[in-house]
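Everything quoted here is computed from the prediction, not taken from an experiment. Below, each value reflects all heavy atoms present in this structure, side chains not excepted, and no hydrogens, waters or symmetry copies. Numbers restart at 1 for each chain; the letters A, B, ... are given by sequence-line order, proteins then strands.
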Amino acid sequence: MPLQQWIPQMAEGCVLTIKLFLITALFSVPLGLVFTFLYTTKNKLINKIVGLYILIMRGTPLLLQIFFVYFGLPYVPVIGEYLTINDRFTAGAVAFILNYAAYFAEIFRGGLLSVDKGQYEAAKVLGMTDMQTRFKIVLPQMFRIALPSVSNEAIVLIKDTALITAIGLTDLLKVTQTIVNRTTNISAFAVAALFYLVMSYVLTVFFKFLEKKFSF
Amino acid sequence: MSLMQINNLKKSFGNLEVLKDISLTVEKGDVIAVLGPSGSGKSTFLRSLIDLETVDGGDIIIEGKPLCQGGKYIPMKERKQVLDKMGMVFQHFNLFPHMNIEKNLLVAPLCAKQADKDSLKEEAKKVLDKVGLLDKLNDMPSTLSGGQKQRVAIARALMRNPDILLFDEPTSALDPELTGEVLNVIKELSDEKMTMLIVTHEIGFAHEAANKILFMDGGYVLAFGTPQEVLDNSGNPRIEAFLNKVL
C-alpha cells in the first residue's frame, strides 16, 4: 500500500487523537482549578481529601486508570451499576480528565503560591472583597505564571492520548500499527512521528502566543 | 473629635513583643512622620491601623468608629466600612502587574461601585495628572521606574478618596535620585491638608513636611511632638544616637 493511501487513514486516526485532546483539555483545566481552590481552602478535611485524590491520580499509571474506569467501575460494590460507562471513548475521556485535572490542580497551586503577598494586601487596603481579589487580581496572575507549565502538560497530553488504544479505540498510533503490520514497512512510524510533531509544534506556537499576549 | 484615636496598642509575634504600648491621637490635617530604629515596630504599628496586622490589645478608633476595642475587633462585615476611610502606600508599590496604569487605578473603585465608569475614568486622569504621570495612562507597570510606580500607587490610593493615607517606607525601595519625585507628591498632599502617617527614614523630609513626629523605640513611643521638639532639642540620648547614625 503506497504512502498516498496511508496519509488519509492516519489523518482519520488523528481525528480521535485531537478529539480526546480537546475534550480532556476543556474539562480538566476547570476541574483542576476547582481542585486547587478546594486544596487551598481553610477546611482541613477537604484539603486532605483533595490531597489524597491528587496522590492517587499522580501516583498510579494513567493506563491503569483507563482500565479501571472502563473495566473496573462496574464491579464497584453497591454503586457499580450506576458508575458503568459503556462507551469506550467516554470512559477513556473520563479517565484522562480525572488524571489531568490532578496535574493541573498542582500546576495552578504552584502559580497561586507565586502570586506576591503584597497583591492581596494592596487589594485589601483598596477595599476589594476576597472574591473580587481572587478573580480580578490573583487568578489572572496565577494563569500567567502557570502558562509555561500548562503548555508542557498539553504537549504531554497530545502524546498520552495514544494510551486510549488500550481499550480498543483506533487513534493515530493504532492506525499506524495496522499499516505497519499490513505492509511490513516500518516507515509508517516515521510518518506518525511527523504527525505528532506537527501537533506538538502547533501547541508550542499557540502557547508562545498566549505567553506573549499575557506577559507583564 | 479627632480623626483617629489609638490607645495602648499591644502586639506580639510569638514571644516577640513588637508593640508594647502605643497611643496616638491623629487630628485632621496632621502629617505624622513615624521614625525610629529598625525593629522598633513602626511598620507593624502602621499595618495594624489598616487591619493588615491584628493587635492583641488596645483600641483603634477611626472617625469615632471603633475597629477594635480592648483588642476585640468588630465583625469582619463591618470592618470594611471603617477601613474605607483609609488608604495605604507600600514600600514595594504592589501595583497589579497584569493591568495597565488606568486599570490599576480603576479596578478598586469599580469593584466598590464608587461611581460610574466614565466619571471614574475622568477622575483617574485628574489624579494621574496630579502625580505627573498622565502620559502613562495606558502603560504597563513593568515599563515604569520605581519612582513612577510609587507615584501611581499614591494615585491609586487617592482614587478611593481616603481621609487618612498611610505610607509604609514609601521611598526605601527607590534609588536615591528617585526619592525626590515621590516625596514631592507627598508634600503636595500635605499642602492640601491630607491627613497622613508616614513611616520613613528620610529625616530631612520628616522635618520639613511633617507637623508631628512620632519616635518609636522597642515597641514604645519615645517621643511625640513637633519636629523641633523631637528632632532638634529632645534631649533624649536614644533619639540623638539614632539621628547621629542616620544623618
Side-chain angles (χ1 to χ4, degrees), chain A residues 29-30 32-33 36-37 40-44 46 104 107-152 206-216, chain B residues 43 46-47 49-53 76-77 79-101 103-114 139-144 149-150 152-162 164-168 173:
Chain A
V29 169
L33 200 59
T36 304
F37 286 151
T40 52
T41 53
K42 288 187 183 114
N43 188 317
K44 286 263 167 12
I46 293 176
F104 282 126
I107 288 173
F108 292 142
R109 193 174 66 87
L112 214 52
L113 291 174
S114 304
V115 175
D116 186 56
K117 189 170 122 279
Q119 295 288 306
Y120 295 88
E121 294 188 346
K124 181 175 176 176
V125 300
L126 287 165
M128 294 173 71
T129 64
D130 288 348
M131 269 300 178
Q132 290 163 347
T133 305
R134 175 165 276 187
F135 283 102
K136 291 189 188 286
I137 307 302
V138 178
L139 280 191
Q141 294 184 57
M142 181 205 78
F143 275 119
R144 177 60 189 86
I145 295 165
L147 212 45
S149 305
V150 172
S151 157
N152 203 26
F206 173 67
F207 277 99
K208 277 266 147 58
F209 164 77
L210 285 186
E211 279 181 39
K212 209 167 178 178
K213 186 166 161 61
F214 294 107
S215 69
F216 49 72
Chain B
S43 280
L46 201 72
R47 288 164 56 83
L49 300 182
I50 198 160
D51 204 28
L52 290 178
E53 304 285 356
M76 256 323 171
K77 281 181 192 159
R79 280 189 217 178
K80 200 155 233 74
Q81 213 191 341
V82 178
L83 294 168
D84 244 8
K85 311 285 181 201
M86 284 190 289
M88 182 156 183
V89 174
F90 299 89
Q91 179 177 359
H92 294 289
F93 331 125
N94 298 348
L95 296 182
F96 304 130
H98 58 299
M99 297 175 173
N100 68 15
I101 303 309
K103 290 215 175 90
N104 261 279
L105 265 60
L106 290 178
V107 61
L110 282 175
C111 279
K113 300 198 169 64
Q114 193 173 300
D139 291 8
M140 295 301 277
S142 59
T143 63
L144 304 186
K149 280 182 195 166
Q150 195 59 296
V152 170
I154 295 171
R156 185 176 67 174
L158 289 175
M159 285 295 292
R160 299 287 280 124
N161 303 320
I164 306 166
L165 255 185
L166 310 177
F167 292 82
D168 188 8

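Residue Thr133(A) does not touch chain B at all, counting heavy-atom pairs closer than 4.5 Å. With a 4.5 Å cut-off on non-hydrogen atoms, Asn100(B) does not touch chain A at all. Within the 4.5 angstrom heavy-atom criterion, no atom of Leu166(B) approaches chain A. There is no contact between Met159(B) and chain A, counting heavy-atom distances below 4.5 Å. Contact of Met140(B) with chain A is made through the side chain alone, with heavy-atom distances under 4.5 Å.
Of the listed residues Pro162(B), Ala153(B), Ala108(B), Gly87(B), the one with more heavy-atom pairs under 4.5 angstrom with chain A than any other is Ala108(B).
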Side-chain donor-acceptor distances from residues 108-116 of chain A under 3.5 Å, at least two apart:
unit_1, atom_1, unit_2, atom_2, d
Arg109(A), NE, Glu106(A), OE2, 3.0
Arg109(A), NH2, Glu106(A), OE1, 3.2
Ser114(A), OG, Gly110(A), O, 3.0
Asp116(A), OD2, Gly118(A), N, 3.1

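Counting heavy atoms of neighbouring residues, nucleotides and ligands inside a 6.0 Å radius, atom NZ of Lys80(B) exceeds 12 of them. Within a 6.0 Å radius of CD in Gln81(B), no more than 12 heavy atoms belonging to other residues, nucleotides or ligands are found. For CG of Asp130(A), the number of neighbouring non-hydrogen atoms (other residues, nucleotides, ligands) closer than 6.0 Å is 12 at most. Within 6.0 Å of NZ on Lys103(B) lie no more than 12 heavy atoms contributed by other residues, nucleotides or ligands.
Using a 4.5 Å cut-off on side-chain heavy atoms (C-beta onward), Phe96(B) and Leu126(A) make contact. Under the 4.5 Å side-chain criterion, counting only non-hydrogen atoms from C-beta, Arg47(B) is in contact with Glu121(A). The side-chain heavy atoms of Arg160(B) and Val125(A), taken from C-beta on, include no pair separated by under 4.5 Å. Two residues are said to be in side-chain contact when any heavy atoms from C-beta on lie closer than 4.5 Å; Pro97(B) and Gln119(A) meet this criterion.
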Item to check | Test log, rule side chain to side chain contact (heavy atoms under 4.5 Å, CB included), inputs Ile137(A) and Met99(B) | outcome: CA-CA 9 Å; Ile137(A) 307 302; Met99(B) 297 175 173; 3.9 Å; yes

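Between the NZ atom of Lys124(A) and the CD1 atom of Ile50(B) there is a distance of 8.5 Å, given to the nearest 0.5 Å.
Remark: the backbone N or O of Lys136(A) is paired with a side-chain donor or acceptor of His98(B) at under 3.5 angstrom.
The shortest non-hydrogen separation linking Ala122(A) to Arg156(B) is CB-NH2, 3.5 Å.
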